[in-house]
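Before any comments, here is the structure.
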Amino acid sequence: MTEKTALTPKTHTTPPAKFSHGVKKGNILQVAGQVGFLPAEEGKPPTPAGPTLREQTLQTLANVKAILEEGGASWDDVMMIRVYLTDVAHFAEMNKIYDQYFEEQALTQAPPARTTVYVGLPQGLLIEIDALAVLG
């Protein structure tokens, strides 16, 4: 039986509750919901990338990518992305940012499937993203 491994890149703080930023078992890698916090700095609380949706979306995608890489995966391995927005009015802007980001990633395979839903997040956070990757 394959062992389950928790993934926490150096850029991330210890999660605030009993969960892992990412978990890998066999060729499956699940990235937990990530938000737009800047890379962790010793002794400082998590800080959002900025007040704008663009800043937070790009940082959130960078945080997801860091966990994928920690687990030996890339965007080409991602099968499913879930996007959680706090405001339905952000949908069109997020899609534009998302499309530009993935154009720059030079995917060699089909883009992942995606779902977008609307949720409540802690004050100041506008977006959360999780991902499921299958390696090999």
Side-chain angles (χ1 to χ4, degrees):
M1 184 166 271
T2 307
E3 191 171 311
K4 186 167 71 170
T5 305
L7 304 170
T8 302
K10 292 179 218 158
T11 54
H12 287 57
T13 59
T14 302
K18 197 76 173 156
F19 67 87
S20 301
H21 286 294
V23 176
K24 183 177 178 184
K25 184 171 182 175
N27 68 338
I28 306 289
L29 191 162
Q30 176 66 56
V31 176
Q34 299 296 300
V35 294
F37 287 143
L38 294 168
E41 291 186 46
E42 187 69 36
K44 287 189 173 183
T47 306
T52 70
L53 180 65
R54 179 171 189 74
E55 291 167 308
Q56 287 192 28
T57 299
L58 292 174
Q59 185 62 54
T60 300
L61 288 164
N63 292 344
V64 171
K65 185 178 181 183
I67 295 165
L68 291 170
E69 290 173 349
E70 184 79 10
S74 73
W75 287 116
D76 274 325
D77 298 308
V78 175
M79 301 295 292
M80 180 69 183
I81 292 177
R82 288 175 212 75
V83 177
Y84 307 90
L85 292 172
T86 59
D87 188 337
V88 69
H90 289 158
F91 185 77
E93 182 183 358
M94 182 277 300
N95 264 344
K96 183 177 177 184
I97 298 163
Y98 180 96
D99 285 349
Q100 288 171 345
Y101 177 85
F102 279 103
E103 283 175 21
E104 293 169 7
Q105 295 303 304
L107 297 176
T108 61
Q109 299 183 34
R114 192 185 94 192
T115 297
T116 303
V117 296
Y118 304 96
V119 299
L121 291 173
Q123 184 68 31
L125 294 174
L126 305 174
I127 187 167
E128 182 172 343
I129 297 174
D130 71 35
L132 174 66
V134 178
L135 290 77

(request) Quick one: which residue pairs count as a salt bridge (charged side-chain N to carboxylate O under 4.0 Å, His left out) with a foot in residues 26-36, not counting sequence neighbours? (result)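 Pairs touching residues 26-36 that pass the test: none.
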Atom pairs and distances, donor-acceptor, side-chain atoms in residues 31-46, under 3.5 Å, two or more places apart:
{"from": "Gln34", "atom 1": "OE1", "to": "His12", "atom 2": "NE2", "distance (Å)": "2.9"}
{"from": "Gln34", "atom 1": "NE2", "to": "Ala32", "atom 2": "O", "distance (Å)": "3.2"}
{"from": "Glu41", "atom 1": "OE1", "to": "Lys44", "atom 2": "NZ", "distance (Å)": "3.4"}

Please tabulate, one pair per line, all N/O donor-acceptor pairs under 3.5 Å involving side-chain atoms of residues 127-136, not counting sequence neighbours.
{"from": "Asp130", "atom 1": "OD1", "to": "Arg82", "atom 2": "NH1", "distance (Å)": "2.6"}
{"from": "Asp130", "atom 1": "OD2", "to": "Tyr84", "atom 2": "OH", "distance (Å)": "2.9"}

(request) With the side chain counted from C-beta on, respond yes when Thr60 and Val83 share a heavy-atom pair under 4.5 Å apart, and no when they do not. (result)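 Counting from C-beta outward, Thr60 and Val83 never come under 4.5 Å.
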(message) Any non-hydrogen side-chain atom of Glu70 less than 4.5 Å from a side-chain atom of Thr8?
(response)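 Glu70 does not reach Thr8 side chain to side chain.
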(request) Go through the steps to decide whether Asn63 and Ile67 satisfy the test side chain to side chain contact (heavy atoms under 4.5 Å, CB included), and finish with yes or no. (result) CA-CA 7 Å; Asn63 292 344; Ile67 295 165; 5.8 Å; no
Side-chain donor-acceptor contacts of residues 87-102 below 3.5 Å, not counting sequence neighbours, with atom names and distances?
{"from": "Asp87", "atom 1": "OD1", "to": "Ala89", "atom 2": "N", "distance (Å)": "2.8"}
{"from": "Asn95", "atom 1": "OD1", "to": "Arg114", "atom 2": "NH1", "distance (Å)": "2.9"}
{"from": "Asn95", "atom 1": "OD1", "to": "Arg114", "atom 2": "NH2", "distance (Å)": "2.7"}
{"from": "Tyr101", "atom 1": "OH", "to": "Trp75", "atom 2": "NE1", "distance (Å)": "3.1"}

Going from [atom1] on [X] to [atom2] on [Y], what distance comes out if it is rounded to the nearest 0.5 angstrom?
X: Gln109; Y: Asp77; atom1: CD; atom2: CG; answer: 7.0 Å
X: Leu107; Y: Asp76; atom1: CG; atom2: CG; answer: 5.0 Å
X: Thr115; Y: Ile81; atom1: OG1; atom2: CD1; answer: 10.5 Å
X: Ile28; Y: Met79; atom1: CD1; atom2: CE; answer: 9.0 Å
X: Lys25; Y: Glu3; atom1: NZ; atom2: CD; answer: 9.5 Å

(request) Please check if the side chain of Glu69 supplies one atom and the backbone of Ser74 the other of a donor-acceptor pair under 3.5 Å. (result)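 Between the backbone of Ser74 and the side chain of Glu69 there is no qualifying donor-acceptor contact (under 3.5 Å).
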(request) Tell me whether Val64 is reachable from Met80 by hopping between hydrophobic residues (I, L, V, M, F, W, Y) whose side-chain heavy atoms are closer than 4.5 Å. (result)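 No: no chain of side-chain contacts under 4.5 Å links Met80 to Val64.
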(request) Kindly determine whether Leu68 and Leu29 satisfy side chain to side chain contact (heavy atoms under 4.5 Å, CB included), including the steps that lead there. (result) CA-CA 8 Å; Leu68 291 170; Leu29 191 162; 4.2 Å; yes
(request) Using side-chain contact (heavy atoms from CB on, under 4.5 Å) as the criterion, list what pairs up with Pro15, not counting sequence neighbours. (result)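 side-chain contact (heavy atoms from CB on, under 4.5 Å) check on Pro15 returns Phe19, His21.
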(message) I'd like to check the side-chain contact (heavy atoms from CB on, under 4.5 Å) partners of Glu55; sequence neighbours left out, ordered by chain and number.
(response)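 In terms of side-chain contact (heavy atoms from CB on, under 4.5 Å), with neighbours along the sequence ignored, Glu55 is linked to Ala49, Pro51, Thr52.
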(request) Can you see which heavy atom on Thr11 is nearest to which on Ala66, and at what distance? (result)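 It is OG1-CB, 3.8 Å.
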